[in-house]
Protein chains: 2
Amino acid sequence: MPHSEKLPSAESVEISGDETRRIPKAVVKRLSLYSRVLQSLERDKVDKVSSTDLADLLGLNSAQVRKDLATFGQFGIPGYGYQVTELRKRIKQILGTDRDIPVALIGVGHLGTALLSYAGFQRQGFRVICAFDVALNPSEHSRLPVPVYIVDELEPRIAAHAISMAILTVPQEAAQEITDRLVAAGITAILNFVPMRLRTPEHVKVHYVDLAIEMESLSFYLK
Amino acid sequence: MPHSEKLPSAESVEISGDETRRIPKAVVKRLSLYSRVLQSLERDKVDKVSSTDLADLLGLNSAQVRKDLATFGQFGIPGYGYQVTELRKRIKQILGTDRDIPVALIGVGHLGTALLSYAGFQRQGFRVICAFDVALNPSEHSRLPVPVYIVDELEPRIAAHAISMAILTVPQEAAQEITDRLVAAGITAILNFVPMRLRTPEHVKVHYVDLAIEMESLSFYLK
DNA sequence: TAGATTGTTAATCGATTAACAATC
DNA sequence: TAGATTGTTAATCGATTAACAATC
């Protein structure tokens with residue numbers, strides 16, 4: 001059997017700490033959506049929002065919104081709704097994005113380069129603070145907003161900055177080896193753009209962004 | 001209510017033609033995964049595969065694999081399994097990727113540029129044959145593998161090449177206007193990288209690739 | 001024929017939605 | 001108080017999985 005590719009499989013997560021509950025993955029993803037909508041409401045100086053408003057903005061059902069939010073405690077005021085700023089803060093806290101998160105990117109090719117300059121990450125508090133590649137290219141790399149190091153330096157640099165999140169944009173052949181090294185270096189979350197399944201220990205969470213699969217399944221709907 | 005962002009909502013599709021069935025979205029996505037695994041099996045000269053093999057390769061349940069495949073007809077041979085090449089061909093046919101598909105890309109910024117050089121699209125038969133931006137930059141654009149046109153030429157160029165699929169990587173402010181023009185020009189499928197909900201008519205299918213949301217929901221899992 | 005594996009039905013599981021008492 | 005909207009329970013819906021007769 002040649003090489004194994006895998007769908008992200010686990011459908012829910014165990015929250016450790018004071019409570020051991022299963023949080024559906026879909027709820028977590030919607031939480032980030034709520035967070036973004038709330039940010040934009042905040043910019044527009046809206047201070048109150050109901051589950052129906054949020055549902056309309058996101059194309060969801062209002063009961064689902066209330067249920068999602070109630071998963072983590074009682075955030076709303078019956079008869080009133082939710083306070084935009086407070087709700088946004090609490091959601092960001094739950095997601096862990098109430099502080100800047102240092103990130104490493106490995107593989108400074110076309111896609112990696114583009115992601116290094118992607119403002120959307122910055123905006124949500126993700127700081128790509130170092131990048132790695134097999135070869136340095138000072139004339140190209142000096143234009144980038146972050147330092148690029150040779151991949152040999154992966155472990156010490158990741159340790160030095162206490163980074164636990166990585167973006168993987170290396171060629172397929174290198175992906176598993178780099179993943180193993182990232183995991184050994186203490187990385188516990190990977191945003192993977194390489195179209196293959198990564199083998200990782202239980203405690204490491206991988207999100208797959210598979211552009212070719214997105215395109216191919218989209219083409220099914222071409223009329 | 002300021003601006004509305006939306007989750008892709010429809011959970012299944014109506015197949016028009018000889019049969020009117022509802023195909024769950026998840027099935028279509030897995031179909032593309034099967035297609036890729038089958039391609040790789042084919043490269044490795046494997047000519048037979050069972051639902052259990054496919055399930056193992058993709059981390060799925062073998063009953064699910066059989067059910068998915070049976071959605072579209074009887075592809076397998078009881079007691080034997082599936083013929084790799086035949087199955088791959090039929091899946092590509094179902095997905096509509098048994099032929100090259102012309103694609104337009106709008107917004108030649110960092111991400112757009114990266115995607116223009118992304119080999120994964122080519123490999124699955126997607127041909128980005130023209131790109132558009134608000135401003136031409138001959139010195140930069142001449143290095144790209146496809147011609148870049150000024151966005152004014154959107155409609156005639158799309159018509160000339162009979163393109164019905166587009167990749168959208170424009171700034172948020174431009175996204176809805178460009179979408180409207182794409183739809184009017186005959187585009188029916190959009191791979192959207194802009195982090196906002198696009199309003200489109202029923203017959204247009206949009207897939208959302210939301211990198212910031214992926215990152216943010218991933219950070220929830222940081223231990 | 002014996003062994004393997006499909007296609008499919010029925011059972012299970014989980015997620016979404018409707019409805020409503022509680023409450024501001 | 002009357003009106004609005006939450007949190008939550010129960011009902012619905014859909015997707016996944018187990019099991020197995022049919023079949024190669």
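So that the names make sense, note that chain A is the first sequence line, chain B the second, and so on, each numbered from 1.
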Asks: Give the rounded distance in Å between these two atoms: CG of B:Leu87 and C1' of C:dT5.
Replies: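 It works out to 14 Å between those atoms.
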Asks: From the list D:dA19, D:dT8, D:dT6, which nucleotide is the closest neighbour of the side chain of B:Ala63?
Replies: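 Of D:dA19, D:dT8, D:dT6, D:dA19 is nearest to the side chain of B:Ala63.
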Asks: Given that A:Thr52 and A:Lys67 both sit by DNA chain D, which one's nearest nucleotide is further toward the 5' end?
Replies: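 Its nearest nucleotide being more 5', the pick is A:Thr52.
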Asks: A:Asn61 has an atom CG; how far is it from atom P of D:dT12, in whole Å?
Replies: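 These atoms are roughly 15 Å apart.
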Asks: Over all strands shown, is A:Ser51 touching base, sugar-phosphate only, or nothing at heavy-atom distances under 4.0 angstrom?
Replies: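 If one applies the 4.0 Å heavy-atom cut-off, A:Ser51 turns out to touch the sugar-phosphate alone, with no base involved.
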Asks: From CZ of A:Phe75 over to C1' of C:dC24, roughly how many Å is that when rounded to an integer?
Replies: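 Atom-to-atom, A:Phe75 to C:dC24, this comes out as 18 Å.
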Asks: Once you round it to whole Å, what is the distance between P of D:dA4 and CG of A:Asp53?
Replies: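 Rounding to the nearest Å, CG of A:Asp53 and P of D:dA4 are 14 Å apart.
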Asks: Measure from NZ on A:Lys48 to P on C:dC24 and round the result to the nearest Å.
Replies: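 Those two atoms, NZ and P, are 15 Å apart.
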Asks: Looking at A:Tyr82, does any N or O in its side chain come under 4.0 Å of the phosphate oxygens OP1/OP2 on D:dG7?
Replies: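 Yes, such a contact exists.
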Asks: Do A:Lys48's NZ or CZ and the ring of A:Tyr80 fall within the cation-pi criteria of under 6.0 Å and 45°?
Replies: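 The answer is yes, since A:Lys48 meets both limits relative to A:Tyr80.
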Asks: Are A:Gln122 and A:Arg127 close enough that a side-chain donor and a side-chain acceptor fall under 3.5 Å?
Replies: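 A:Arg127 and A:Gln122 do have a side-chain donor-acceptor pair below 3.5 Å.
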Asks: Quick one: the dot-bracket string of DNA chain D, using Watson-Crick and G-U wobble pairs with both distances under 3.5 Å, [ ] for crossing pairs and | for bases paired to another strand.
Replies: ..||||||||||||||||||||||
Asks: In whole angstrom, what separates B:Lys25's NZ from D:dC13's P?
Replies: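 Answer to the nearest Å: 20 Å.
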Asks: Please state how far atom CD in A:Gln74 lies from atom C1' in D:dT8, giving the value in whole angstrom units.
Replies: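 That distance rounds to 10 Å.
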Asks: Taking only Lys NZ, Arg NE, NH1 and NH2, and the carboxylate oxygens of Asp or Glu, determine whether B:Asp180 and B:Arg199 approach each other closer than 4.0 Å.
Replies: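 The answer is no: the pair does not qualify as a salt bridge.
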Asks: From the list C:dT8, D:dA15, C:dA19, which nucleotide is the closest neighbour of the side chain of B:Arg66?
Replies: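 Closest nucleotide among those given: C:dT8.
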Asks: Please confirm whether the shortest side-chain N or O distance from A:Tyr80 to OP1 or OP2 of C:dA22 is below 4.0 Å.
Replies: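 Checking A:Tyr80 against C:dA22: no side-chain N or O falls below 4.0 Å of OP1 or OP2.
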Asks: Quick check for you: among D:dA19, C:dT16, D:dT8, whose closest atom lies nearest to any side-chain atom of A:Arg30?
Replies: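 Of all the options, the side chain of A:Arg30 is nearest to C:dT16.
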Asks: Return the value, rounded to whole Å, for the distance between atom CD of A:Gln64 and atom P of D:dG7.
Replies: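 Answer to the nearest Å: 15 Å.
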